[in-house]
Amino acid sequence: MNFTTKQIAKHRIQVLFQQAEKTRKENPQLASRYIETARKIAMAAKIRLPTKYKRRICKNCNTLLVPGDNCRVRIKQKREPHLVITCLTCGYQARMLLRKK
């Protein structure tokens with residue numbers, strides 16, 4: 001079986017996120033390191049992180065975001081309705097536009 005570089009990178013990213021989820025409670029620094037490594041692998045292989053992973057990462061401190069534990073999620077109505085996710089570790093705010101489909 002011949003795997004391409006991108007397939008190997010996707011698999012490694014998936015494994016790193018699973019490890020980060022397991023170790024998040026006991027060792028947050030290690031979980032943050034796993035996420036940082038996964039992001040570097042994605043950049044090196046020139047692939048995008050899947051949306052399900054991308055939305056669970058703080059872009060500022062590479063923390064795995066868990067609503068109610070280390071991040072706050074709010075819906076704001078100013079201008080356009082949007083979601084504001086605030087990392088309680090570093091204070092970074094990520095905004096995501098809520099569009100009707």
Side-chain angles (χ1 to χ4, degrees):
M1 286 197 281
N2 293 336
F3 293 109
T4 65
T5 308
K6 291 186 180 191
Q7 288 174 327
I8 294 168
K10 284 180 183 178
H11 184 261
R12 287 184 179 169
I13 289 167
Q14 188 178 13
V15 169
L16 283 166
F17 266 90
Q18 289 170 353
Q19 291 296 321
E21 287 174 8
K22 286 180 188 173
T23 61
R24 182 183 62 82
K25 284 279 189 196
E26 301 86 42
N27 194 344
Q29 285 83 19
L30 183 61
S32 183
R33 182 86 174 117
Y34 285 149
I35 290 171
E36 187 180 335
T37 307
R39 289 179 76 190
K40 284 182 181 177
I41 289 170
M43 283 189 270
K46 295 182 182 174
I47 59 172
R48 288 183 175 204
L49 279 177
T51 309
K52 67 179 182 177
Y53 296 144
K54 190 183 262 188
R55 291 196 174 165
R56 297 191 62 204
I57 300 173
C58 174
K59 289 182 182 179
N60 193 36
C61 64
N62 289 318
T63 305
L64 187 67
L65 298 174
V66 179
D69 187 23
N70 63 353
C71 77
R72 179 177 41 221
V73 181
R74 298 285 184 261
I75 296 176
K76 300 281 184 166
Q77 293 297 327
K78 297 266 175 137
R79 295 184 199 101
E80 289 283 322
H82 60 281
L83 195 68
V84 179
I85 300 173
T86 306
C87 175
L88 299 177
T89 308
C90 67
Y92 180 79
Q93 291 184 334
R95 291 171 185 85
M96 293 170 213
L97 195 58
L98 296 174
R99 290 195 184 112
K100 293 178 183 175
K101 289 188 177 179

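Starting from 1, each residue takes its place in the sequence as its number.
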Spacing of [X] atom [atom1] and [Y] atom [atom2] [to the nearest 0.5 Å]:
X   : Y   : atom1 : atom2 : result
I41 : E36 : CD1   : CD    : 11.5 Å
Q7  : I47 : CD    : CD1   : 10.5 Å
T23 : Q29 : OG1   : CD    : 10.0 Å
L88 : D69 : CG    : CG    : 9.0 Å
I35 : L49 : CD1   : CG    : 10.0 Å
R48 : I13 : CZ    : CD1   : 13.0 Å

Inset, instruction - State whether the number of non-hydrogen atoms from other residues, nucleotides or ligands found under 6.0 Å of R33 atom CZ is greater than 12. - result: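 No.
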
Inset, instruction - Flag yes if more than 12 heavy atoms outside L97 fall under 6.0 Å of its CG atom; otherwise flag no. - result: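 Count over threshold, so yes.
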
If you compare all heavy atoms of [X] against all heavy atoms of [Y], which two are closest, and at what distance to 0.1 Å?
X   : Y   : result
T63 : C61 : OG1-SG, 2.8 Å
R24 : A31 : CA-CB, 3.9 Å
E26 : K22 : OE1-O, 3.2 Å
L64 : N70 : O-ND2, 2.9 Å
C58 : Y92 : SG-CB, 3.9 Å
R55 : I85 : O-CD1, 4.5 Å

Can [Y] be reached from [X] by stepping across I, L, V, M, F, W or Y side chains whose heavy atoms are under 4.5 Å apart?
X   : Y   : value
L98 : V73 : yes
L83 : Y53 : no
I75 : V84 : no

Legend entry - Steps toward side-chain contact (heavy atoms from CB on, under 4.5 Å) verdict (I57, F17): CA-CA 10 Å; I57 300 173; F17 266 90; 3.3 Å; yes

Inset, instruction - State which residues pass side-chain hydrogen bond (donor to acceptor under 3.5 Å, both in side chains) with Q93; sequence neighbours excluded, sorted by chain then number. - result: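 Residues passing side-chain hydrogen bond (donor to acceptor under 3.5 Å, both in side chains) with Q93: R95.
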
Inset, instruction - Using the test side-chain hydrogen bond (donor to acceptor under 3.5 Å, both in side chains), find all partners of E21 that sit at least two apart in sequence or belong to another chain. - result: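 If we apply the side-chain hydrogen bond (donor to acceptor under 3.5 Å, both in side chains) test to E21, skipping adjacent residues, the hits are R56.
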
